[in-house]
2 protein chains.
Amino acid sequence: MVKITDVARSAGVSPSTVSYVLSGKRSISAATRQRVEASIRELGYRPHAGARALASSRSNVVALVMPLRSGVHVPVQMQFAASVVTTARAHDHDVLLLTQEEGEDGLRRVADSALVDALVVMDVQLHDARIPLLRSLGLPSVLIGFPAEAAGLTCIDLDFTATGAECVSHLARLGHRCVALLGSPPEVYARDTGYARRTAAGFTAAARRYGMTSTVLPCAPGAPAARETVDRLLREHPDLTGVVVHNEPALGPLLEAFQRAGLRVPEDLSVVALCPDELAEGADVPLTSVALPAAEVGERSVDLLMAKLAGREVPDATLLPPQLTERASTAPRAHVNRLPTSTDCGAR
Amino acid sequence: MVKITDVARSAGVSPSTVSYVLSGKRSISAATRQRVEASIRELGYRPHAGARALASSRSNVVALVMPLRSGVHVPVQMQFAASVVTTARAHDHDVLLLTQEEGEDGLRRVADSALVDALVVMDVQLHDARIPLLRSLGLPSVLIGFPAEAAGLTCIDLDFTATGAECVSHLARLGHRCVALLGSPPEVYARDTGYARRTAAGFTAAARRYGMTSTVLPCAPGAPAARETVDRLLREHPDLTGVVVHNEPALGPLLEAFQRAGLRVPEDLSVVALCPDELAEGADVPLTSVALPAAEVGERSVDLLMAKLAGREVPDATLLPPQLTERASTAPRAHVNRLPTSTDCGAR
DNA sequence: CCTTCGAGTCGAAGCGCTTCGATAACGGGG
DNA sequence: CCCCGTTATCGAAGCGCTTCGACTCGAAGG
């Protein structure tokens, strides 16, 4: 193994000079720098990560805590992870993979042993047991998702409130007057998930602004439940012409249930989905949708982390604006003129 | 930060004794051990990973090289990753996540900087550029998949030859006499993928053993290509009653094409798929299938790695036996008595 | 002309841990 | 009773790097 003293000898300088060439923390004359860099290349020198971590108390590794078997759409998670790794590498950091199951002990372990400098925690719940720990750990961290008590923590996610609103706007621009949000199963609203409520809030508020009739209906998984939900919806709102579906597993069954109820998409019913683009594109009628921008979330979270590591101030909350992609499942409300303001709707 | 000298002082022993309690590399009296362990717990001591790595030249981290954006079924990759992380943790190791894109430089980097002790490399191609590097790196590694020149490398994968054979056996037991393997697109066979050929070889050999008529047909992705393949297959083999599909993206289109051609599954045609269980279960007619045992591959690869790290000898090749799960898509050939040997077919 | 300052370099002191003798205490065989 | 082999423990020497203070040298300022 070639070490810093070998490089130093070969370049005719002291080890500390080599170190300063590498870190840039002190000025080095151009001539020396070049000699050192040549020696490094020639010898194929790579600093020993452990030694470096010990001396500098920086490991240049960030932990990524992933829900490795959860229900969240897995390709989206992958995209996120890929983006985290790529961005971290761009900042000269590596990524240590932790599973959700390791839990609080795992976080404490990697933090206390100085294995990592910082943490990215995915899939944060409203009342997440890890929150107090993260506060006390003394390592910079970024959370994907917003817990109930987010003050002092750095959190990032899609802006679900704006997403709910954006879907309504889109339908409003198409002339729809009566819309519904088909959301997660009831237990999700009750449970620890902030995004469901925020979407609903944005949806409802926007509908009120537009003077539209709106409902929010939870929807259990499974085809029978979907049929039931649809039946009830159409019974209670016979003039419904637009729905927003924020429930990935129920999406297919719901669409089928609408079809079975005699509604064609988009002629009789416009549908906006909150789901990955692949899913929206793959549907029988390609769906107008808002996707979770996983790659961007990953990149931004690492950027935030690096800023914190550099001692810079970062905002507590980062909300990414929704991007609605118009596809075939939404159309102007039949027999109604499009509103005069109707324009392109955000598909970029 | 609490360090080993703190523990030593608190327990009234020397730092080296604490170290030996932790590592078990020298005998320690029960009394001393207990005092030390109590101090460790009391102070919440965690060895500094960097210091440990420096002194012991062991980082207790393994690298996992993943194709983070590839075409392989993503949930299967996730399952694999989860299994690797969990198993590694059980051996007191952590997992560093690398992307395929980091390539050879990435491997060299983490190896030379002693960031990791060992490597798990997924998605190994027949002529993988990383093979020579892995040989020269001096770190233990395990490859998922078999390169052309595997001698001296530790490789593990599903036994695709046996898989091809097992599918044929299943069909044979059901009385089928004329079968086809619908495989990957032509370029995959030409290109760098060992498993496609091995499946085909096992398939063909088994068919010969059973005295069956058999064909292997590549299949391009997309519905039109699927229809074309099916048309050709039925034209050339009018008495075909069983097919094995080893091509995940083409699976749906192929099934549709068969239906369109007037063949009902399983009444007119028995279908065996090589695909994840979820996909097989989710099909209109649940498919008899052989799944890639991702969790087991992950666990076994880490076990192999740990054995190598411990200096034990391990087999070069580990081939996991296929597990065929019988579902609704295969049935006895119509108007033909089941073979007398017909029994339960391997669904466990 | 002497001081001051910054740029550039070096030497040495650790960072927290492991590990290799060395040492001591203690039985047991000759 | 002495020597030897265990067993249990300690002290010290690093592991390879970063970083801090100190030093030198030349240029700029008074």
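Numbers restart at 1 for each chain; the letters A, B, ... are given by sequence-line order, proteins then strands.
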Return whichever of A31(B) or L54(A) has its heavy-atom-nearest nucleotide of DNA chain D closer to the 5' end. A31(B)
Keeping S59(A) on the side-chain end and A53(A) on the backbone end, is there a donor-acceptor pair under 3.5 Å? no
Rounded to whole angstrom units, what separation is found between the CZ atom of R26(A) and the P atom of dA22(D)? 11 Å
At 4.0 Å (heavy atoms only), tell me whether S56(B) reaches a base, stays on the sugar-phosphate, or touches nothing. sugar-phosphate
Here's a test of your reading of the structure: between S29(B) and A55(B), which maps to the more 5' nucleotide of DNA chain D? S29(B)
Taking the side chain as every heavy atom from C-beta outward, state whether L43(A) and S10(A) have any atom pair closer than 4.5 Å. yes
Below 4.0 angstrom, which residues in residues 32-45 of chain A have at least one non-hydrogen atom near DNA chain D? Y45(A)
Please list, by residue number, the residues of residues 4-17 of chain A whose heavy atoms come closer than 4.0 Å to an atom of DNA chain C; answer none if no residue qualifies. G12(A), V13(A), S14(A), S16(A), T17(A)
Side chain to side chain contact (heavy atoms under 4.5 Å, CB included) partners of R312(A), counting only residues at least two apart: A307(A), A310(A)
Heavy atoms, side chains only, cut-off 4.5 Å: are D157(A) and F146(A) in contact? yes
If the test is side chain to side chain contact (heavy atoms under 4.5 Å, CB included), which one of V120(A), D128(A), L134(A), V65(A) qualifies with L143(A)? L134(A)
Any sub-3.5 Å donor-acceptor pair from S141(A)'s side-chain atoms to L119(A)'s backbone N or O? no
Quick one: how far along DNA chain C does chain B reach, first to last nucleotide 5' to 3', anything under 4.0 Å to a heavy atom? dG16(C) to dA22(C)
For F80(B), give me all partners under ring pair (Phe, Tyr, Trp, His ring centres under 6.0 Å), at least two apart in sequence or on another chain. none
Closest heavy-atom pair and its distance - A11(A), S39(A): CB-OG, 3.4 Å
A51(A): what forms a side chain to side chain contact (heavy atoms under 4.5 Å, CB included) with it, not counting sequence neighbours? H48(A), L54(B)
Determine yes or no for a side-chain-to-main-chain donor-acceptor pair under 3.5 angstrom, with R33(B) supplying the side chain and I28(B) the backbone. yes
